[in-house]
Peer 1: 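Quick one: structure below, then a few questions.
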There are 2 protein chains.
Amino acid sequence: MSTIKDIARHAGVSVATVSYVLNNTRYVSPDKRERVIAAVQELNYVPNAAARGLRVRESRTIGLIVSDISNPFYPDLAKACEDVAQQYGYAVHMINTNDQPERMRQAVSQAREGKIDGLIVTTALEADRELLQSLLDREFPVVLAHRRLEGLDADLIESDNYEGGMLAARHMLALGHRRIAFLSGVAGSPISERRVAGYLQAMREAGIDVLAEWVLPGEAKYANSYERMVQYADMAPDTRPTAIINVSDIGAMGVLDAAADRGLRVPEDVAVMGFDDLFLAAFRSVRLTTVRIPRYELGRQATELLLKRIGKAKTERRHVVLPVDLVVRKTCGSEQADG
Amino acid sequence: MSTIKDIARHAGVSVATVSYVLNNTRYVSPDKRERVIAAVQELNYVPNAAARGLRVRESRTIGLIVSDISNPFYPDLAKACEDVAQQYGYAVHMINTNDQPERMRQAVSQAREGKIDGLIVTTALEADRELLQSLLDREFPVVLAHRRLEGLDADLIESDNYEGGMLAARHMLALGHRRIAFLSGVAGSPISERRVAGYLQAMREAGIDVLAEWVLPGEAKYANSYERMVQYADMAPDTRPTAIINVSDIGAMGVLDAAADRGLRVPEDVAVMGFDDLFLAAFRSVRLTTVRIPRYELGRQATELLLKRIGKAKTERRHVVLPVDLVVRKTCGSEQADG
DNA sequence: GTGAAAGCGCTAACAC
DNA sequence: GTGTTAGCGCTTTCAC
């Protein structure tokens with residue numbers, strides 16, 4: 001493994017000159033420049049990242065925190081993050097927290113060790129607030145993506161969850177439904193809460209009193225949503241909700257399967273919607289009507305913003321809200337069925 | 001940001017002593033040890049990774065190369081990788097190559113810069129051979145996961161693709177099928193080729209001549225598999241394959257959808273199988289019979305092996321083949337339908 | 001236009 | 001049992 005000294009010796013110049021041509025940081029005569037370049041080629045030289053990092057105090061690496069990369073919501077976001085990071089010459093550390101604060105602590109540690117120059121957090125939990133705040137206090141670049149943490153003064157890229165909730169409810173209302181349920185996520189999830197709020201608003205506008213039993217918190221996962229749907233299915237047909245909005249597509253799959261298992265036809269007996277617009281929502285056998293969340297864009301913009309932040313420290317905090325849209329397919333039996 | 005010097009001063013000891021207690025690398029009297037620990041606590045000290053890395057020539061980071069994290073095959077593998085890396089105190093760089101050799105080059109560059117101590121490659125293409133070999137020549141730890149690269153002398157963790165192909169074909173044969181097609185992946189993909197080989201072997205054992213038109217190479221993706229299935233659907237019923245094995249579950253979804261779009265019933269008119277056993281294969285509306293590939297285990301073992309390799313250089317090359325199994329659901333109309 | 005040299009924060013060899 | 005110090009490979013100031 002050759003070092004800058006080897007190059008200098010080989011090219012008959014000083015190490016300073018080598019550094020200057022490598023980083024284009026000062027004029028060097030064409031002659032020497034060429035000799036340096038030749039030497040680099042010849043010795044197959046690659047600068048050592050640790051040495052450079054130690055000197056200039058940067059790692060050219062960013063951290064990406066997700067709760068669980070095997071949750072199909074995240075891969076697109078992660079892809080976007082890596083795509084833009086790569087483009088700017090940054091590497092990305094992927095960290096799965098599994099929602100354990102302990103893992104978040106390790107991420108913060110990496111930040112403080114200088115292993116990463118900035119952090120994208122897609123899964124900011126209440127339990128992480130203090131940790132994240134400590135980073136912010138040190139002016140360490142942090143951007144929240146997808147999930148907000150109320151009151152934390154960090155950049156935030158999210159999607160319009162409130163609007164999404166409204167869109168979903170209004171769609172069901174327009175189809176003539178009145179008893180519309182919302183299977184939300186865990187209590188305290190701001191994403192879920194915003195969506196519920198939008199739903200409630202649309203219901204209010206329609207003059208409908210929302211029964212407590214229509215808003216069932218739980219996990220946005222398949223199994224838990226399945227169970228919640230079973231409860232509905234067991235209610236009397238004239239009181240049972242005729243429409244179910246699930247806070248995630250994966251959950252909506254659980255709803256769909258529970259309905260089928262209980263002999264309920266979709267959309268005739270019960271209409272179903274999800275959130276996210278995962279790839280699987282488009283399969284012919286699924287055709288899930290859903291609210292599309294721009295996952296790639298979330299990741300892209302979060303990374304762009306973080307990189308900007310890393311460059312020139314103190315800019316005003318940014319809060320961007322990406323638009324969502326309704327994707328009408330078959331599970332609500334809409335007029336706009338798309339084959 | 002405090003340094004080891006600050007700690008030394010604060011604790012009234014030398015920097016060496018601080019280093020010794022931090023790394024537990026030599027006996028230090030309880031008295032001093034405690035003072036150091038107190039100082040670390042008090043000044044909220046975290047060692048600088050670049051400095052340490054420069055000195056000891058390690059980054060405590062591994063690289064994970066996937067072609068595309070948004071391909072649902074990879075997240076589980078990536079999760080496993082991160083889980084075990086974390087456990088051993090390593091971070092993981094995720095690199096999406098999108099099958100562009102250029103991206104692989106960047107990964108190799110990171111290796112040579114010392115940003116990573118080892119590399120897991122899940123997507124070794126023929127075009128990457130030279131690059132990978134150059135790493136191996138430098139004794140840089142590389143383990144191939146999932147996809148082999150024939151003749152490359154690196155550790156390899158793969159699944160039993162040949163057996164998988166046999167399992168699939170035999171299942172179809174046992175159900176009475178004779179005209180069994182195999183929609184393979186891109187020509188040259190060793191995974192696909194092994195599966196096809198297994199299928200061919202099972203067909204041979206059954207005494208069936210495999211028609212050329214039954215083995216259609218293409219992309220393992222949804223759209224391309226859909227198109228290939230359309231071709232079959234357009235054949236006369238008495239010559240058309242009655243069973244389709246697709247090299248991936250995602251592709252099998254395309255097959256399923258194409259069949260439905262062409263008015264073919266599954267499994268009555270055509271039986272369908274996939275490979276992988278993605279989460280979506282289990283949905284009630286899908287119930288895809290498939291060959292399960294142990295994705296998490298692939299990632300886990302690859303990472304364990306890589307970490308072992310990083311520790312003590314020269315061990316014998318390992319080649320492990322993980323067993324696969326048949327998951328019988330509904331798309332072949334098997335006797336063992338599981339509701 | 002170029003070079004000498006200090007120093008980033010750490011580990012570990014060497015000395016006592 | 002502990003301290004002094006060289007040096008990892010690089011960037012950049014300062015001097016010419």
Side-chain angles (χ1 to χ4, degrees), chain A residues 1-40 43-61 89 109-117 138, chain B residues 1-40 43-61 89 109-117 138:
Chain A
M1 207 82 306
S2 46
T3 75
I4 198 171
K5 265 191 194 159
D6 300 323
I7 303 303
R9 196 176 317 123
H10 202 268
V13 300
S14 72
V15 294
T17 299
V18 176
S19 176
Y20 295 138
V21 351
L22 255 30
N23 300 297
N24 245 311
T25 179
R26 178 158 107 173
Y27 181 85
V28 171
S29 69
D31 168 44
K32 299 201 170 178
R33 163 176 299 273
E34 258 163 55
R35 266 149 55 206
V36 168
I37 291 171
V40 165
L43 302 190
N44 206 346
Y45 169 74
V46 175
N48 179 283
R52 175 170 213 288
L54 174 58
R55 184 59 229 234
V56 306
R57 336 195 76 66
E58 64 172 34
S59 59
R60 300 223 134 234
T61 300
S109 219
Q110 291 198 8
R112 303 208 40 217
E113 287 169 22
K115 279 190 113 168
I116 55 180
D117 297 339
R138 295 186 164 77
Chain B
M1 211 82 302
S2 45
T3 75
I4 198 171
K5 268 190 194 159
D6 299 324
I7 302 301
R9 198 176 315 124
H10 202 267
V13 300
S14 73
V15 293
T17 300
V18 176
S19 176
Y20 295 138
V21 350
L22 256 29
N23 300 300
N24 245 312
T25 180
R26 178 157 105 173
Y27 181 84
V28 172
S29 70
D31 168 44
K32 297 200 170 178
R33 165 177 296 275
E34 257 163 55
R35 266 150 56 206
V36 167
I37 292 173
V40 165
L43 302 189
N44 206 346
Y45 169 75
V46 176
N48 179 283
R52 175 171 212 289
L54 174 57
R55 185 59 229 234
V56 305
R57 338 194 73 67
E58 66 172 34
S59 59
R60 301 223 133 231
T61 299
S109 219
Q110 290 197 9
R112 304 210 37 220
E113 287 168 22
K115 280 190 112 168
I116 54 180
D117 298 338
R138 296 188 164 78

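Quick note on labels: first sequence line is chain A, next is B, and so on, each numbered from 1.
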Peer 1: Hey, where on DNA chain C does chain A first and last touch, going 5' to 3'? Cut-off is any atom under 4.0 Å from a heavy atom.
Peer 2: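 Extent of the interface on DNA chain C: C/dG1 to C/dG9.
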
Peer 1: Would you say that B/R55 contacts B/R52 through its side chain, given a criterion of any heavy-atom pair below 4.5 Å between the two side chains?
Peer 2: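 A side-chain contact is absent here, since even the closest heavy-atom pair is not under 4.5 Å.
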
Peer 1: If you look only at distance, which donor and acceptor atoms sit under 3.5 Å apart when one is on a side chain in residues 15-24 of chain A and the other is two or more places apart or in another chain?
Peer 2:
{"from": "A/T17", "atom 1": "OG1", "to": "A/S14", "atom 2": "OG", "distance (Å)": "3.2"}
{"from": "A/S19", "atom 1": "OG", "to": "A/N23", "atom 2": "ND2", "distance (Å)": "3.3"}
{"from": "A/N23", "atom 1": "ND2", "to": "A/S19", "atom 2": "O", "distance (Å)": "3.0"}

Peer 1: In whole Å, I'd like the distance from the CZ atom of A/R57 to the P atom of D/dC10.
Peer 2: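 From A/R57 CZ to D/dC10 P: 17 Å.
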
Peer 1: Under 4.0 Å, heavy atoms only, any strand: does B/S29 hit a base, just the sugar-phosphate, or nothing?
Peer 2: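 Sugar-phosphate contact only - B/S29 comes under 4.0 Å of backbone atoms but never of a base.
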
Peer 1: Looking only at the side chains, is there a donor atom on one of B/R57 and A/N48 sitting less than 3.5 Å from an acceptor on the other?
Peer 2: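 Distance-only check fails for B/R57 and A/N48.
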
Peer 1: In Å and rounded to the nearest 0.5 Å, what is the NZ to CZ distance from A/K115 to B/R60?
Peer 2: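 Rounded to the nearest 0.5 Å, the NZ-CZ separation comes to 8.0 Å.
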
Peer 1: Using a 4.5 Å cut-off on heavy atoms from C-beta on, say whether the side chain of A/L43 contacts that of A/H10.
Peer 2: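 Side chain of A/H10 against side chain of A/L43, heavy atoms only: contact under 4.5 Å found.
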
Peer 1: So which protein N/O to nucleotides 5-7 of chain D N/O distances come out below 3.5 Å?
Peer 2:
{"from": "D/dG7", "atom 1": "N2", "to": "B/R55", "atom 2": "NH1", "distance (Å)": "3.0"}

Peer 1: What parts of residues 1-14 of chain A reach DNA chain D, counting only heavy atoms under 4.0 Å away?
Peer 2: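 DNA chain D contact set from residues 1-14 of chain A: A/T3, A/I4.
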
Peer 1: Polar-atom pairs under 3.5 Å, protein N or O versus N or O of nucleotides 14-16 of chain D: list them with distances, or write none.
Peer 2:
{"from": "D/dC14", "atom 1": "N4", "to": "A/R26", "atom 2": "NH1", "distance (Å)": "3.3"}

Peer 1: Quick check: on DNA chain D, is the nucleotide nearest B/Y27 upstream (toward 5') of the one nearest A/L54, or the reverse? Name the residue that is more 5'.
Peer 2: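 Comparing both residues, the 5'-ward one is B/Y27.
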
Peer 1: Using a 4.0 Å cut-off on heavy atoms, which residues in residues 44-51 of chain A reach DNA chain D? List them by number, or say none.
Peer 2: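 Within residues 44-51 of chain A, the residues near DNA chain D are A/Y45, A/P47, A/N48, A/A51.
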
Peer 1: Can you tell me the distance, in whole Å, between the CG atom of A/N23 and the C1' atom of D/dC10?
Peer 2: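 Result: 9 Å.
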
